[in-house]
Q: 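Before anything else, here's the structure in question.
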Amino acid sequence: MGMHTEKRTLLTVFTEASIEQVLIRDMDRLGIRGYTISDARGKGSRGVRDASWDESRNIRIEVICDRPQAEMLLGHLQTRYYSNYAMVAFFTDVEVLRPDKF
Amino acid sequence: MGMHTEKRTLLTVFTEASIEQVLIRDMDRLGIRGYTISDARGKGSRGVRDASWDESRNIRIEVICDRPQAEMLLGHLQTRYYSNYAMVAFFTDVEVLRPDKF
Amino acid sequence: MGMHTEKRTLLTVFTEASIEQVLIRDMDRLGIRGYTISDARGKGSRGVRDASWDESRNIRIEVICDRPQAEMLLGHLQTRYYSNYAMVAFFTDVEVLRPDKF
Amino acid sequence: MDPVILFFLFGFVAGLLGSDLKLPSTLYDSLSIFLLLAIGLKGGQGLATQPLLPLLPQIVAVVVLGVLLTLLAYAGLRTLFHFDRPNAAAMASHYGSVSVATFAVAAAWLASRGLDVEPQLAVLLAVMEIPAILVGIVLARGISRDTDWRSLGHEAFLGKGVTLLLGGMAIGWAGGPQGLQPIRGLYFDLFKPVLGLFLMEMGLIVSRQVGELRRRGFTLVLFGLGMPLVSACLGIGTGLLLGLSPGGVTMLATLAASASYIAVPAAMRIAVPEANPAISLAGSLGVTFPFNILLGIPLYHWMASQWMKS
Amino acid sequence: MDPVILFFLFGFVAGLLGSDLKLPSTLYDSLSIFLLLAIGLKGGQGLATQPLLPLLPQIVAVVVLGVLLTLLAYAGLRTLFHFDRPNAAAMASHYGSVSVATFAVAAAWLASRGLDVEPQLAVLLAVMEIPAILVGIVLARGISRDTDWRSLGHEAFLGKGVTLLLGGMAIGWAGGPQGLQPIRGLYFDLFKPVLGLFLMEMGLIVSRQVGELRRRGFTLVLFGLGMPLVSACLGIGTGLLLGLSPGGVTMLATLAASASYIAVPAAMRIAVPEANPAISLAGSLGVTFPFNILLGIPLYHWMASQWMKS
Amino acid sequence: MDPVILFFLFGFVAGLLGSDLKLPSTLYDSLSIFLLLAIGLKGGQGLATQPLLPLLPQIVAVVVLGVLLTLLAYAGLRTLFHFDRPNAAAMASHYGSVSVATFAVAAAWLASRGLDVEPQLAVLLAVMEIPAILVGIVLARGISRDTDWRSLGHEAFLGKGVTLLLGGMAIGWAGGPQGLQPIRGLYFDLFKPVLGLFLMEMGLIVSRQVGELRRRGFTLVLFGLGMPLVSACLGIGTGLLLGLSPGGVTMLATLAASASYIAVPAAMRIAVPEANPAISLAGSLGVTFPFNILLGIPLYHWMASQWMKS
Ligand SMILES: Nc1ncnc2c1ncn2[C@@H]1O[C@H](COP(=O)(O)O)[C@@H](O)[C@H]1O
Ligand SMILES: Nc1ncnc2c1ncn2[C@@H]1O[C@H](COP(=O)(O)O)[C@@H](O)[C@H]1O
Ligand SMILES: Nc1ncnc2c1ncn2[C@@H]1O[C@H](COP(=O)(O)O)[C@@H](O)[C@H]1O
Ligand code: NA
Ligand code: NA
Ligand code: NA
């Protein structure tokens, strides 16, 4: 039968490093309880971002939460940032062990 | 019809960088054949970990294996590390091409 | 009812940093419109790659696209690189908001 | 030619040829921390030997100068170059602010010619980073309710650059020439070779602007060459008004003519998201920075001398 | 005031004001590698000019001192401050061990006053890093079966800090003052300015401890100030017993009074997971480190002189 | 023993003992950028004082030498050591090319003995990096259609190492000894201590090759010791033919004897994927590099002197 797990949604965002602090403040304000950030580079519709200097650095943000909260956060990103920043976001279904944390 | 792939489980762990070596030794001992580690920062129930110095660095560990092994590894992490370290873990379903590797 | 999203495939590749430029050129040639790359280290059938110097650095490449394109790219990697390079790849199902981008 | 300029040219050519050469981004960050600290220390140790009060009117004067330059650039971009409002505001903000690397090259240029510069120019450098940012934001969006002034103020006053300049100055001032003796070996004696390494990376970065320049070429080149000339004149005027030495006037002209490429882009990206950062950077980095360090500084010095004679 | 202390204060104030200033973590690592190597080289070149045998009793003495300090701190934390067992053990381990940055500041302070320090103090620094870690673990968990002694021994003896100190010493000893001549320019002449940069980052890190301090304030401040005073006395006693010079006694007192914030936290995080690392760091970094470099060192020197006179 | 060699030995021993010591990879990158630039600058400033034309035959000679060494190594590996084609080609490519770290150690060794080296040796160092790569690829796969010559040429001519050497040389040549005066303090005076730090990391890297060596031991050790001896003889011959000074001949012998461990591995990994990179690195890093810096250089110098006398 296996371990008891529960489903949650993982929201992953690839975007510009220049707005890291702004997005952290947004997440805090929106009641997001946890997130993980790491450095990245890449290419998309806004061209190559090769992390060769501050202006072209990307980050990856990952947030595990329930589906409604994930949609709320993504909705916020969509209205505020999608049109002006290099940004890509997607949902993945994941299983967590301690559902009360997320 | 597409490529022939098989299902496996991806176990992702966000935790403190200070126990990287310990966890690697554990995985080796438990017969985990492969893993990938990268650097991260974040926030969770144990507060902000912004990677500004050694004590506040996070890592992400990813292990692809079959479900029983993933549950065994997560079980081990849960009993040994969950209560004393900043740690979050989750499963994702993935498809691999060379199932004998995992 | 929730947000309107569409299904896409996320192809994740763990491989040697030494072929980053080569793979980028391949992806450009194969018509991949976007990708994200980050640094990693790890262990697999080709031994420990601990990023202690250039020769032992890994990268993670992530590409979101439709399933046929993901299979095409993975097929290319398989024929060209699987036998000679440290490389692991897998598919994950993800949901995206702006399907025309991928 | 000064070796630090040769480093810049080398980086630029290597970049154009598509070399793999690339400074680790951490090294670039470290070098810029070093240069900012060293400039601050040098300025601060100078200030230690003179009264601070006369500084006040000079600070007010360069704040006014910074505001003026930003407004002027904005007006020019809107009327002569037909930029839209956000892009004009963002670009104007770059040109109203200053470039630390340009300051460093000018300092090296003047020093190698034995021309003294008043120590407070380092203070004025730090001060001039700020007003253009605030003016640029107001130009872009008026004074609206949802501007996050707190975080902008933070960005402007507590950004890495301003902090290091002011901190270095405080240390230099508290220590004085005597107290800094044991640390001269790094912060003063190695300033120039470190600047060379830094400019090598600047050359690489500038070379990456060439693509963007080719796309919008004429406009950017015209503005990127014309604006610093206008600014330098205003800078010389201000310098004469403040009674600075020839070195000081040249330095103030250079500051006025220089365009930011670190603090302002970061602030504008957040405050004026509709502006395309590639445009302002292509102008400030791709045209104005190389122009200033290769031709501008000697030119401004010559202009300053002419005016001071007459 | 020594400029390196000014760097520390600058970093601390910048941190408190919430500046964006931040050294790249790689730069911080690189600076600490440099300082450890330089301290080792300096000590080693000194040892090259004297017999090594008399070192043995000194090493034994400081091992005993380290064990004693750890036990003392543990007893105090348990009885006077009512810490639970793991937190008392972890904290005690920090205070029984030593801080390399404090050693470096003391070395600079003594050097600028023309006070010589026996070269073997660098050996004693390396030696004193270790016993407190092992004692701390035993205090936390008794001698149990599942302690991973191998990896702890590894952590203690082959950690980065001890390796670099001992390696530097070996190089310095093998090369001797003559052989090191061609590398003095970096490792000796630039020691102080590099230490300044390092202390700037230390100031930033210390400023981040203030939140934790406010939460547990009184206890931590009391222990963080009281313990070093006690330790310094024992250090002075040991120094006199070993017949060290005034500089040497001051240095040993400073070592005893200093608390680890690199090697010990890393080892304790693994060996005593139940202990909250925020508490020990707030004490050792937030209280004891600034106290030692600002007031402690001159105080210990004064105490040592008084005792040596009598 | 030269302190830079002591740094190497220290890193090697620390690695063997399994110490946690590890230079941040960015620091390693930064040090290697510095060393390449400094070597280039030094060579370039020397070239500034002499005509450039006589360089041409020397360049041709070392290209021929590089091609010859690669073919020789390939033939030996195929016939005597029964390597398969891709591994023989990749390995031969390493030994036909050169090692910058070995060059730097030889430069320090010769300088400390007051032996002058012709400045163009730095040019020859840059030139010799390249032909072996191209020959190695042709050996591995013949001249096939799907070789991506463009990207290989790019890798060979515009790789980081060659760019920095040539760039440094251009700056040094344009500036001349006079012009470089203000930047000597970093690039010349601190060359040796920085080289020490770099060699410490090299020691750590070499220690990691020991496992591989144990696995394939005898073959690799034999080839890794034998090949440089053969190469050194050819290098000495070429040096005498070109009429170089004793220092120059020793240096050319050292270059010939040295094996690449940066540029070539990167190029071979892409161009000859079937070759196992662990094998070539164990040979070039695990055997030849330590042999050359510990024993080879003095030996080649002695051989050169003997030949020059006769
Ligand atoms: N199809 C894709 N797959 C993976 N990452 C992508 C993709 N498209 C864009 N990205 C990442 O998202 C960033 C912003 O994308 P864009 O807004 O399209 O320029 C890029 O710099 C990439 O890092
Ligand atoms: N909801 C979340 N989503 C993504 N990452 C998280 C989340 N919660 C915690 N983390 C990561 O896991 C680390 C440890 O979490 P915690 O044990 O809750 O402090 C944090 O520092 C984050 O990097
Ligand atoms: N089972 C696994 N789970 C996660 N990552 C893996 C796994 N196996 C291999 N890897 C990663 O893929 C790289 C290449 O694998 P390999 O080709 O098996 O040596 C390794 O260095 C790891 O970073
Ligand atoms: Na300006
Ligand atoms: Na202590
Ligand atoms: Na060779």
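No hydrogens, no waters, no symmetry mates; every other heavy atom, side chains included, goes into these values. Residue numbering restarts at 1 for every chain, and letters A, B, ... go by the order of the sequence lines.
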Q: Which pair of heavy atoms, one from M200(D) and one from L164(F), lies closest together, and at what distance?
A: CE-CD2, 3.9 Å

Q: Can you name the closest pair of heavy atoms from G185(F) and L190(D) and give their distance?
A: C-CD2, 3.6 Å

Q: Which atoms of F7(D) come close to chain F, meaning under 4.5 Å heavy atom to heavy atom: side chain ones, backbone ones, both, or neither?
A: both

Q: Which heavy-atom pair separates L186(F) from P193(D) by the least distance, and what is that distance?
A: CB-CB, 3.4 Å

Q: How far apart are the C-alpha atoms of F34(F) and L27(D), what are their side-chain angles, what is the distance that settles it, and do they pass the side-chain contact (heavy atoms from CB on, under 4.5 Å) test?
A: CA-CA 11 Å; F34(F) 172 86; L27(D) 175 57; over 6 Å; no

Q: When rounded to the nearest 0.5 angstrom, what distance separates OG in S30(F) from CG in L197(D)?
A: 8.5 Å

Q: Counting only heavy atoms closer than 4.5 Å, note whether L166(F) contacts chain D via side chain, backbone, both or neither.
A: neither

Q: Under 4.5 Å heavy-atom distance to chain D, tell me which part of I171(F) shows up: side chain, backbone, both or neither.
A: both

Q: Less than 4.5 Å to any heavy atom of chain F: does that hold for the side chain of L9(D), its backbone, both, or neither?
A: neither

Q: Other residues, nucleotides and ligands only: do more than 12 of their heavy atoms fall within 6.0 Å of CZ on R113(D)?
A: yes

Q: Which pair of non-hydrogen atoms, one from I183(F) and one from K192(D), has the smallest distance, and what is that distance?
A: CG2-C, 4.2 Å

Q: With a 4.5 angstrom heavy-atom cut-off, is it the side chain or the backbone of V13(D) that approaches chain F, or both, or neither?
A: neither

Q: Looking only at heavy atoms, what is the nearest atom pair of S19(D) and T163(F), with distance?
A: OG-OG1, 2.9 Å

Q: Just so I understand: if I count every heavy-atom pair under 4.5 Å between each of L37(F), D29(F), L180(F) and chain D, which residue has the most?
A: L37(F)

Q: Are any non-hydrogen side-chain atoms of P24(D) and I33(F) less than 4.5 angstrom apart?
A: yes

Q: Taking all non-hydrogen atoms of both residues, which atom of L6(D) and which atom of G175(F) are closest, and how far apart?
A: CD1-N, 3.9 Å

Q: Got a sec: does the CH2 of W173(F) have more than 12 other heavy atoms crowding it under 6.0 Å?
A: no

Q: Quick one: pull up CG in L23(D) and NZ in K160(F) and give me the separation to the nearest 0.5 Å.
A: 8.5 Å

